[in-house]
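What follows is one structure encoded as structure tokens, with my remarks underneath.
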2 protein chains.
Amino acid sequence: MSGKMTTQKRRIRQSPKMPAELRREQLLKAANDLFVKKGYRATTLDEIAQKAGLTKGAIYFHFKNKESILGELVKTVSQAYEKGINTYLGKNHTPVELFQLLLEIDSKIPMPEARRNPGLLSEIMKLPRIRTQMRDAFNKSVDKLSDALDSRFGRTVKQRRSLVIMLIAYLNGLKFVSTYHSESVDFEKQTELFLKLFQATYGDNPGEK
Amino acid sequence: MSGKMTTQKRRIRQSPKMPAELRREQLLKAANDLFVKKGYRATTLDEIAQKAGLTKGAIYFHFKNKESILGELVKTVSQAYEKGINTYLGKNHTPVELFQLLLEIDSKIPMPEARRNPGLLSEIMKLPRIRTQMRDAFNKSVDKLSDALDSRFGRTVKQRRSLVIMLIAYLNGLKFVSTYHSESVDFEKQTELFLKLFQATYGDNPGEK
DNA sequence: TTATAGATACTGAACGGTAGGTATGTTATG
DNA sequence: CATAACATACCTACCGTTCAGTATCTATAA
């Protein structure tokens, strides 16, 4: 000991060392992919590590624990979503415009598979910290969207919130059925149908309500 | 060692024995309640047993394994749903009628909390056998509903299926948001809003499309 | 330029808890 | 008293977490 075990080659195959920053992102990507495929709880740290070419122990150098990996991912999405709203959202929008805007943002921010995965969303909503994190983000965006909805479509904030939530609800519902019954459901067609409905009611002039 | 921690009395407090049939239902109910509250995987057999006043080992007298408990529950719902459709479904319905009919059926068949729990649904959809079981039921009911939709609302079966799926999608979406954002979402109000939209477009006379 | 000390990134193994499943003994009831 | 309906103890596998130690990189000084 003390000295070297000269002749004995301890052939430890260590992965090429990377700057922590890079490795973190690599791990986050691996985790995201696996969460999408298998769900949060069903994904093991071994799998994440392996996918990044590491061993489990190394993860704890980069993250506090498993949940913190998820937390980072959620944070990334929330921030991108908020940024998208701030960028694209104008004033006095019609519901149809808002719906299209939501689709637009949805198509631009990262981790689409994860965000459109109701199973994953439901699962992580059971983790108290994550839940809080996501609910805050949800309320924040609903507020902003409601503000940006033209007042013709709702005198009170409550009414406008209600409408906004309806838009989001339908989007979520579509994601849900198209995830689990993709053979039977044509996402774009359903969207078109929905917009046509809205157009008929709210398009040119708002309803009297 | 060898056996007992001597002084410890073997206090065997056996639950009153029940006919297997009854106990099965009791276990099923317990399982259902717990699945709703905690999810499928997060619910342990110990908890189910305890809730029914038994111990884990006893479960294996009544069921083959954990998944078979879930299978029974799914089967029960599927059958009730199908029966509901057969009972209430007429001919040449409007979309609004169908939507109300779905609500009606939904309110009459058992295990409402479980069925309205997207997280639970997503979770169990990952179990291959359960998934098959549920998808078959879904397609079956979509077919029947599409048949019962008046042909004014879609010349081809495909078009009618599309509309039916849209109704179901919105229902699911509503369940989703009202589950996770119940403070912000008024289920009935959202339903009313949606129906009003449909009424405006499809209510009196169908769209030309 | 080179030796080296310290920081950084990672391994491997062990630990502890959990939970599904099983083997086998025990009790209640007809 | 036979058997259906339990209880108890145990096994096994899995998985998150910890940690001592190892390898690799980098900065500094000689």
Side-chain angles (χ1 to χ4, degrees), chain A residues 1-6 8-28 30-31 34-35 38-71 123-124 127 129-130, chain B residues 1-6 8-28 30-31 34-35 38-71 123-124 127 129-130:
Chain A
M1 335 264 86
S2 67
K4 334 341 293 274
M5 326 235 209
T6 37
Q8 195 207 353
K9 299 297 230 351
R10 276 288 233 108
R11 278 233 112 301
I12 291 187
R13 273 274 204 118
Q14 198 155 325
S15 337
K17 288 189 93 151
M18 280 176 83
E21 198 78 351
L22 273 179
R23 190 66 91 181
R24 268 178 75 90
E25 285 177 27
Q26 192 183 0
L27 283 167
L28 286 171
L34 287 166
F35 291 164
K38 316 188 45 176
Y40 171 72
R41 199 175 158 179
T43 297
T44 69
L45 292 179
D46 276 318
E47 292 171 314
I48 297 176
Q50 192 190 4
K51 191 156 194 178
L54 298 181
T55 57
K56 191 165 50 173
I59 291 183
Y60 284 85
F61 178 80
H62 297 281
F63 297 95
K64 190 189 156 216
N65 53 26
K66 190 184 179 186
E67 187 172 324
S68 80
I69 299 178
L70 179 61
E123 191 184 3
I124 67 180
L127 308 172
R129 300 179 189 193
I130 302 293
Chain B
M1 336 247 44
S2 74
K4 295 59 229 280
M5 320 239 210
T6 39
Q8 195 205 351
K9 310 283 240 351
R10 280 290 232 99
R11 274 231 115 299
I12 295 192
R13 208 164 237 282
Q14 200 154 342
S15 341
K17 292 191 191 290
M18 279 177 84
E21 199 78 350
L22 274 179
R23 191 65 92 183
R24 267 178 76 91
E25 286 177 25
Q26 191 184 0
L27 282 166
L28 287 171
L34 287 166
F35 290 163
K38 314 187 47 176
Y40 171 72
R41 198 175 159 176
T43 297
T44 70
L45 292 178
D46 277 316
E47 291 171 315
I48 297 175
Q50 191 189 4
K51 191 154 194 179
L54 298 182
T55 57
K56 186 168 57 175
I59 290 185
Y60 285 86
F61 178 79
H62 297 281
F63 297 95
K64 188 187 158 214
N65 53 26
K66 190 183 179 186
E67 188 171 324
S68 79
I69 299 178
L70 179 61
E123 191 184 4
I124 67 180
L127 309 172
R129 300 179 191 193
I130 303 293

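Reckoned from all heavy atoms, side chains included, excluding hydrogens, waters and symmetry mates. Bear in mind that the values here come from a model prediction, so they are computed numbers and not experimental data.
- The distance between atom CG of Leu22(A) and atom P of dT24(D), rounded to the nearest whole Å, is 19 Å.
- Nucleic acid contact class of Thr44(B) (heavy atoms, under 4.0 Å, all strands): sugar-phosphate only.
- The NZ atom of Lys66(A) sits 8 Å away from the P atom of dT17(D) (whole-angstrom rounding).
- If you check dC6(D), dA9(C), dT22(C) against the side chain of Tyr60(B), the one that comes closest is dT22(C).
- Comparing Met18(B) and Asp46(A) by the nucleotide of DNA chain D whose heavy atom lies nearest to each, the residue mapping closer to the 5' end is Met18(B).
- Not one side-chain nitrogen or oxygen of His62(A) sits closer than 4.0 Å to the OP1 or OP2 atom of dT8(C).
- Atom CD1 in Ile59(B) sits roughly 10 Å away from atom P in dA7(D) (whole-Å rounding).
- Rounded to whole Å, the distance from CG on Leu27(B) to C1' on dA5(D) is 12 Å.
- Between the CZ atom of Phe63(A) and the P atom of dC10(C) there is a distance of 12 Å, rounded to whole Å.
- A donor-acceptor contact shorter than 3.5 Å links the side chain of Lys66(A) to the backbone of Tyr40(A).
- What separates CG of Leu45(B) from C1' of dA7(D) is a distance of 15 Å, to the nearest Å.
- At a threshold of 4.0 angstrom between heavy atoms, the contacts of Asn65(B) are confined to the sugar-phosphate backbone, with no base atom among them.
- Listed candidates were dC6(D), dA5(D), dG21(C). Nearest to the side chain of Ala20(B) is dA5(D).
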>> Please evaluate residues Arg23(B) and Leu54(B) with respect to the criterion side-chain contact (heavy atoms from CB on, under 4.5 Å), reporting the C-alpha separation (whole Å), side-chain torsions for both, the decisive distance (0.1 Å), and the verdict.
In response: CA-CA 10 Å; Arg23(B) 191 65 92 183; Leu54(B) 298 182; 3.6 Å; yes
>> If you apply the rule side-chain contact (heavy atoms from CB on, under 4.5 Å), what do you find for Leu27(B) with Ile48(B), and how did you get there?
In response: CA-CA 7 Å; Leu27(B) 282 166; Ile48(B) 297 175; 4.1 Å; yes
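- Applying the side-chain contact (heavy atoms from CB on, under 4.5 Å) test between Leu22(B) and each of Arg24(B), Met18(B), Gln26(B) identifies Met18(B) as the sole match.
- A straight line from CD1 of Ile69(B) to C1' of dG21(C) spans 12 Å, rounded to a whole angstrom.
- In this structure, Phe61(B) atom CZ and dG20(C) atom C1' are separated by 20 Å, rounded to whole Å.
- A donor-acceptor contact under 3.5 Å is not formed by the side chain of Lys17(B) with the base of dA28(C).
- Distance from the side chain of Lys56(A) is smallest to dT17(D) among dT11(C), dC6(D), dT17(D).
- Taking side-chain N and O atoms only, Arg23(A) has no distance below 4.0 Å to OP1 or OP2 of dT8(C).
- The line from CD1 of Ile69(B) to CD1 of Ile59(B) is 5.0 Å long, rounded to the nearest 0.5 Å.
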